[in-house]
Amino acid sequence: GEGNAMLFVTPNYSAGGVCGCVAQTVPIGVIYNLFGGARWSITNLDESTNIAAGSTYNVLVVQNANKKVFVQTATTANTLGGATYINSPLTNDNPNAMILITPNIDPDGANEFVSDHPVGAYYNPTLKQWGVLNEDGSSMAIGAHFNIMIGSKASNGGSEIVTKAHSQNSAGSFVLINSPATIGNPNAAVFETPNNDPAGTGGKFDAAITGVEYFQSPTDNWAVFQEDGSTMTHGFAFNVLSFSS
């Protein structure tokens with residue numbers, strides 16, 4: 001019944017520290033009032049792949065939009081190439097801004113538009129603005145919608161950190177998250193968004209679908225991982241919001 005609620009979703013490979021071991025193979029988003037149910041749903045954006053039994057997701061709900069939590073819609077005025085750019089005093093000329101993104105098919109239960117691409121946050125040093133970027137290199141579709149959260153204060157208690165893969169914190173398909181909210185806490189609620197340009201220093205595009213996974217002893221920590229099993233390349237970076245639930 002809350003069509004104006006703002007949802008942020010991250011696939012969770014091991015809820016409660018127990019491996020469900022169901023990978024998310026396609027981009028996901030949220031949609032309201034599916035089949036007239038007056039509820040929000042998590043959906044595969046390709047509109048053809050079934051949600052796999054056993055899939056788990058971390059869900060954060062902010063009841064009402066505000067200056068830090070809002071819908072970004074791609075228009076001809078704010079879209080260039082593969083990105084739609086956010087015009088906010090909280091992010092303009094601020095390469096250190098922290099942004100969480102979830103595609104939203106139909107804000108307010110209206111204006112439905114599906115954009116089937118993995119997305120991340122990207123800082124354009126020329127425009128001095130952050131954008132929502134299609135990580136696969138495709139053009140941003142006019143009409144695409146995204147839920148945006150700037151910083152952690154609007155989350156009512158979340159702890160934010162940028163996690164960047166390097167030789168000491170990553171192996172295989174994952175990068176460990178070095179946060180007090182996640183270390184030794186298998187019940188933490190963890191959310192992530194790829195960040196292509198942390199601190200405006202340049203980064204790398206990660207076209208894989210990403211999620212979070214908890215590694216038991218001796219690591220005892222959460223990690224961001226590539227859901228398709230591809231290598232976590234050094235230089236890949238992620239905005240991470242965590243709750244010690």
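Quick note: numbers below take in every heavy atom, side chains included, and nothing from hydrogens, waters or symmetry partners. Positions are given from 1, in the same order as the sequence printed here.
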> Are the side chain of W130 and the backbone N or O of M98 linked by a donor-acceptor pair below 3.5 Å?
no

> If only atom types and distance count, is the side chain of N58 paired as donor or acceptor with the main-chain N or O of P11 below 3.5 Å?
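Not confirmed, N58 side chain does not pair with P11 backbone.
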
> Set out, in order, the CA-CA distance, both residues' side-chain angles and the distance that settles side-chain hydrogen bond (donor to acceptor under 3.5 Å, both in side chains) for N185 and T182, then state yes or no.
CA-CA 5 Å; N185 186 1; T182 62; over 6 Å; no

> Please report the shortest heavy-atom distance between Y123 and T91, naming the atom on each side.
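It is CE1-O, 4.4 Å.
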
> Which distance, rounded to the nearest 0.5 Å, do you find between the CE of M149 and the CG of L7?
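These two atoms lie 10.0 Å from each other.
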
> Under 3.5 Å, is there a donor-acceptor pair between the side chain of T231 and the main chain of T233?
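Looks like no, no N/O pair under 3.5 Å.
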
> What is the minimum heavy-atom distance between M232 and A165, and which atoms define it?
CG-CB, 3.8 Å

> From T102 OG1 over to N147 CG, what is the distance, rounded to the nearest 0.5 angstrom?
6.5 Å

> Answer yes if the side chains of N104 and H145 hold a donor-acceptor pair under 3.5 Å, and no otherwise.
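The answer is no; no qualifying pair exists.
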
> Can you tell me if S41 uses its side chain to pair, donor with acceptor, with the backbone of T43 under 3.5 Å?
no

> Show the numbers, then the answer: is there a side-chain contact (heavy atoms from CB on, under 4.5 Å) between E160 and V240?
CA-CA 6 Å; E160 62 185 0; V240 178; over 6 Å; no

> Which heavy atom of E112 sits nearest a heavy atom of D106, and at what distance?
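The answer is CA-CB, 3.9 Å.
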
> Here's a test for you: under side-chain hydrogen bond (donor to acceptor under 3.5 Å, both in side chains), which of N78, N134, T73 qualifies with T84?
N78

> Would you say that V22 contacts Y13 through its side chain, given a criterion of any heavy-atom pair below 4.5 Å between the two side chains?
no

> Taking atom types as modelled and ignoring hydrogens, do the side chains of D206 and Q226 form a donor-acceptor contact shorter than 3.5 angstrom?
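Yes, a side-chain donor-acceptor pair sits under 3.5 Å.
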
> Taking atom CG of N178 as the centre, report whether more than 12 heavy atoms of other residues, nucleotides or ligands fall under 6.0 Å from it.
no

> Could you state the interatomic distance from OG (S173) to CZ (F225), rounded to the nearest 0.5 Å?
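Answer for the OG-CZ pair, S173 versus F225, is 6.5 Å.
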
> For the side chain of N124 and the backbone of T126, is there at least one donor-acceptor N/O pair under 3.5 Å apart?
yes

> How close do I99 and A121 get, heavy atom to heavy atom, and via which atoms?
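Smallest interatomic distance, heavy atoms only, reads CB-CB, 4.4 Å.
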
> With a 3.5 Å distance limit and no angle check, can you tell me whether Q24 reaches the backbone of V26 through a side-chain donor-acceptor pair?
yes

> Any luck finding a side-chain donor-acceptor pair between N92 and N87 under 3.5 Å?
yes

> Grab the two heavy atoms, one from A74 and one from T79, that are nearest each other, plus how far apart they are.
CB-OG1, 3.4 Å

> Just say parallel, tilted or perpendicular for the rings of F191 and F243, cut-offs at 30° and 60°.
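Aromatic pair F191/F243 classed perpendicular.
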
> If only side-chain N and O atoms count, and only distance matters, is there a donor-acceptor pair under 3.5 Å linking T210 with E192?
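Their side chains do contain a donor-acceptor pair, which is all the 3.5 Å distance test asks for.
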
> Show, in sequence, the C-alpha distance, side-chain angles and deciding distance for Q72 and Y85, and conclude whether the side-chain contact (heavy atoms from CB on, under 4.5 Å) test is met.
CA-CA 8 Å; Q72 170 78 7; Y85 288 95; 5.5 Å; no

> For F215 together with F174, are the ring centres under 6.0 Å from each other?
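Under 6.0 Å, so yes.
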
> Where is the tightest heavy-atom contact between V175 and F238, given as atom of each residue plus distance?
CG1-CE1, 3.9 Å

> Is the backbone of D46 close enough, under 3.5 Å, to the side chain of N44 for a donor and an acceptor to pair up by distance?
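Answer holds: no.
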
> Are side-chain N/O atoms of Q129 and D93 paired as donor and acceptor at under 3.5 Å?
no

> Between the side chains of T219 and N221, does any donor sit under 3.5 Å from an acceptor?
no

> Can you check whether P198's main-chain N or O pairs, donor with acceptor, with T201's side chain at less than 3.5 Å?
yes

